[in-house]
Amino acid sequence: MYIFDLQLTNFRNYARSHVPLGEGLNLAIGENAQGKSNLLEAIYLLSTLRSSRASSDADLVRRDILESDFPVSRLTAEVHRSAGNLHLEVAIVGRSTDTQHRAGKRVRINGVAKRASEAVGQLAATLFTTLDIDIVAGPPLLRRRYLDMMISQVDRGYLRAMQRYAKVLQQRNSLLKQVRERQASSYDLNFWDQELAHAGGTIMHARAEALGRIALFGEEQMVNLSDGQEHLDVTYAPALGKAELLSVPIEDSEWTGRMLAVMQETRSREIGAGVTLVGPHRDDVTIEVNELPAATMASRAQQRTAALSLRLAEATYLRDALGDDPVVLLDDVLSELDARRRKGVLEYIDSFEQTIVTTADPDRVRDILPGASARFLVQAGAIMPFEGE
Ligand code: ATP
Ligand code: MG
């Protein structure tokens, strides 16, 4: 799929911009702090309904209008898909209280209001950033997020299970505290155990399946980017004890049963702790480079190549699952790659219908400039044709 028309209104530092994107390679060139990452963030938001970096939706609304009478930021995209074209619109509506700014999102697809969960993944996208190295080197939360953002784009049931899980987890945790304080009976936990294990089973089943594919695609990319020097091994590490059961594909009902059994074993510890200690909210993914744990033993360059391989694997996974190409977004990542990895990445993403690459240094993209279908200059929140060469 590809976006052929994009409009940003009062989004971040953009007042009003129209971006006539093309099929194939699009280059957005601009000095630091001009709006390149904001542009890709807008596309990522249209795809996932979540910001790639903001902690609050109010951050997304252009500051100058946040306290105006109409503090609304609007993104629209015309998307060509093999499943039919799409007119996608996200409005971020701000409101100010005395102490803070808040905002909420509204979504329309082909003019019809939708819930955010229905809109996720209608436009599929993979975003590469220089922070991706943290998928490999950072805390488990970032690996779970990597999985969640990828799987929710192709599996609506997954997204629903995630929402249900989060809600039940909160209720179960407060009940655990009440049981600890003897304000409730441990018998009351049974219902919530069932509910949690049910949603948890769906999540773990989907994660195990997705990681099975990612492991294959990721290894392929790693070998290719390193000229056969490096191997990548990713395995699911569910927070249910040993993962020996992963050697055979298992159904989510079996995951649910397994989770219930582990919850039984840990119940007294959980009551003592007053929180749920097992389940997908504590999952991790084990990542090894050349058979050594990547977070603690791989070199910085190996970690970066592993992260890059995981993103390329994500794009492949989406293409495979959707039967349509995701839009590939590269935020400033080409400049940190050596010549071989850069070439490997560019060759691979060239097989996708649309790629949008940002850079602060036009010299770094001189070789690919002639092949780009669209070239933009990003300057102070405005987008214009790039006239350089
Ligand atoms: P770099 O090359 O350093 O990565 P960039 O071009 O990617 O720069 P962006 O991250 O897109 O820059 O940010 C551009 C500017 O947008 C920043 O100076 C930031 O202060 C501004 N900005 C961010 N949010 C808002 C907002 N809500 N309202 C107005 N301006 C904002
Ligand atoms: Mg940037």
Side-chain angles (χ1 to χ4, degrees), residues 3 6-19 21 26-77 90-97 99-106 125-134 304 307-308 311 327-337 342 345 355-366 368-369 372 374-386 388:
I3 305 168
L6 176 71
Q7 303 214 27
L8 296 80
T9 310
N10 291 323
F11 179 79
R12 294 283 196 186
N13 65 336
Y14 290 92
R16 195 181 175 89
S17 275
H18 169 229
V19 195
L21 295 164
N26 294 261
L27 284 174
I29 301 164
E31 291 179 4
N32 296 131
Q34 302 303 306
K36 302 181 299 297
S37 296
N38 294 345
L39 172 65
L40 296 192
E41 181 184 32
I43 298 172
Y44 184 83
L45 186 87
L46 283 162
S47 167
T48 62
L49 278 296
R50 272 174 61 163
S51 158
S52 46
R53 52 186 181 159
S55 53
S56 138
D57 284 343
D59 295 350
L60 304 171
V61 180
R62 193 160 69 92
R63 262 300 137 94
D64 292 355
I65 64 142
L66 197 53
E67 288 179 10
S68 70
D69 294 338
F70 194 62
V72 179
S73 134
R74 198 177 297 278
L75 302 172
T76 63
V90 173
I92 302 136
V93 184
R95 57 199 146 79
S96 291
T97 63
T99 51
Q100 56 184 334
H101 298 300
R102 292 172 172 280
K105 287 188 284 274
R106 304 219 181 109
T126 297
L127 172 65
F128 294 63
T129 81
T130 50
L131 299 176
D132 288 344
I133 192 167
D134 291 337
R304 192 168 288 135
L308 198 58
R311 283 292 182 216
V327 174
V328 176
L329 310 169
L330 261 60
D331 196 7
D332 225 9
V333 292
L334 290 180
S335 50
E336 59 176 25
L337 302 178
R342 188 172 178 281
V345 171
T355 310
I356 305 165
V357 172
T358 73
T359 183
D361 182 0
D363 277 346
R364 308 289 310 211
V365 291
R366 185 135 294 152
I368 53 174
L369 205 60
R375 305 171 198 99
F376 304 106
L377 176 68
V378 181
Q379 201 169 55
I383 301 225
M384 51 210 106
F386 178 79

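Small disclaimer: the values here were computed from a predicted structure and weren't measured. Atoms within a ligand are numbered from 1 in the order they appear, just like the ligands themselves.
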> Which residues and atoms, counting only protein N, O or S, are under 2.8 Å from the Mg ion (ligand 2)?
Replying inline: Ser37 OG
Contact partition for [X] relative to ligand 1, non-hydrogen atoms under 4.0 Å:
X      : result
Leu66  : neither
Gln379 : neither
Glu31  : backbone
Val61  : backbone

For [Y], does its backbone N or O pair with a side-chain atom of [X] as donor and acceptor, under 3.5 Å?
X     : Y      : answer
Gln34 : Asn32  : yes
Thr9  : Arg16  : no
Lys36 : Val357 : no

> Quick one: does atom 10 (O) of ligand 1 have a protein heavy atom under 4.0 Å from it?
Replying inline: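 So far as the 4.0 Å threshold goes, atom 10 (O) of ligand 1 is in reach of a protein heavy atom.
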> Is there at least one protein heavy-atom neighbour under 4.0 Å from atom 23 (C) of ligand 1?
Replying inline: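 Looking at atom 23 (C) of ligand 1, one finds that a protein heavy atom does lie closer than 4.0 Å.
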Rounded to the nearest 0.5 Å, how far apart are [atom1] of [X] and [atom2] of [Y]?
X      : Y      : atom1 : atom2 : value
Asn10  : Arg62  : CG    : CZ    : 4.5 Å
Asp132 : Leu127 : CG    : CG    : 7.0 Å
Ile65  : Ser73  : CD1   : OG    : 7.0 Å
Leu45  : Leu75  : CG    : CG    : 6.0 Å
Ser335 : Leu330 : OG    : CG    : 10.0 Å
Leu8   : Ile383 : CG    : CD1   : 6.5 Å

> Judging by distance only, is a nitrogen or oxygen of Asp332 under 3.5 angstrom from one on ligand 1?
Replying inline: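 In fact, backbone or side chain, Asp332 has no N or O that close.
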> Taking distance alone, with no angle check, do Lys36 and ligand 1 share an N/O pair under 3.5 Å?
Replying inline: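 Right, the criterion is met.
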Any idea which protein heavy atom is nearest [atom], and the distance to it?
atom                    : value
atom 4 (O) of ligand 1  : Ser37 OG, 3.9 Å
atom 13 (O) of ligand 1 : Asn38 ND2, 3.3 Å
atom 29 (C) of ligand 1 : Arg12 O, 3.3 Å
atom 21 (C) of ligand 1 : Asn13 CB, 4.0 Å

> Which option out of Leu40, Asn32, Ile29 puts a heavy atom nearest to atom 3 (O) of ligand 1?
Replying inline: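 Checking each option, the heavy atom nearest atom 3 (O) of ligand 1 is found in Asn32.
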> Heavy-atom distance to atom 17 (C) of ligand 1: which of Gly94, Ala33, Ala380 wins?
Replying inline: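 Among Gly94, Ala33, Ala380, the closest heavy atom to atom 17 (C) of ligand 1 comes from Ala33.
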> If you count the atoms of ligand 1 from 1 in the order shown, which ones are under 4.0 Å from a heavy atom of Arg53?
Replying inline: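 Near Arg53, the atoms of ligand 1 are 9 (P), 10 (O), 11 (O).
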> If you count the atoms of ligand 1 from 1 in the order shown, which ones are under 4.0 Å from a heavy atom of Arg63?
Replying inline: 26 (C), 27 (N), 28 (N), 29 (C)
> Are His101 and ligand 1 in contact, using a heavy-atom cut-off of under 4.0 Å?
Replying inline: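 Distance cut 4.0 Å: His101 fails for ligand 1.
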>> If the contact criterion is a heavy-atom separation under 4.0 Å, does Gly35 count as touching ligand 1?
In response: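 For ligand 1, residue contact (heavy atoms, under 4.0 Å) with Gly35 is present.
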> Salt bridge between Lys105 and Asp57, side-chain N to carboxylate O under 4.0 Å?
Replying inline: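 Looking at Lys105 and Asp57, the cut-off is met.
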> Excluding sequence neighbours, so at least two apart, what forms side chain to side chain contact (heavy atoms under 4.5 Å, CB included) with Ser37?
Replying inline: Arg53, Asp331
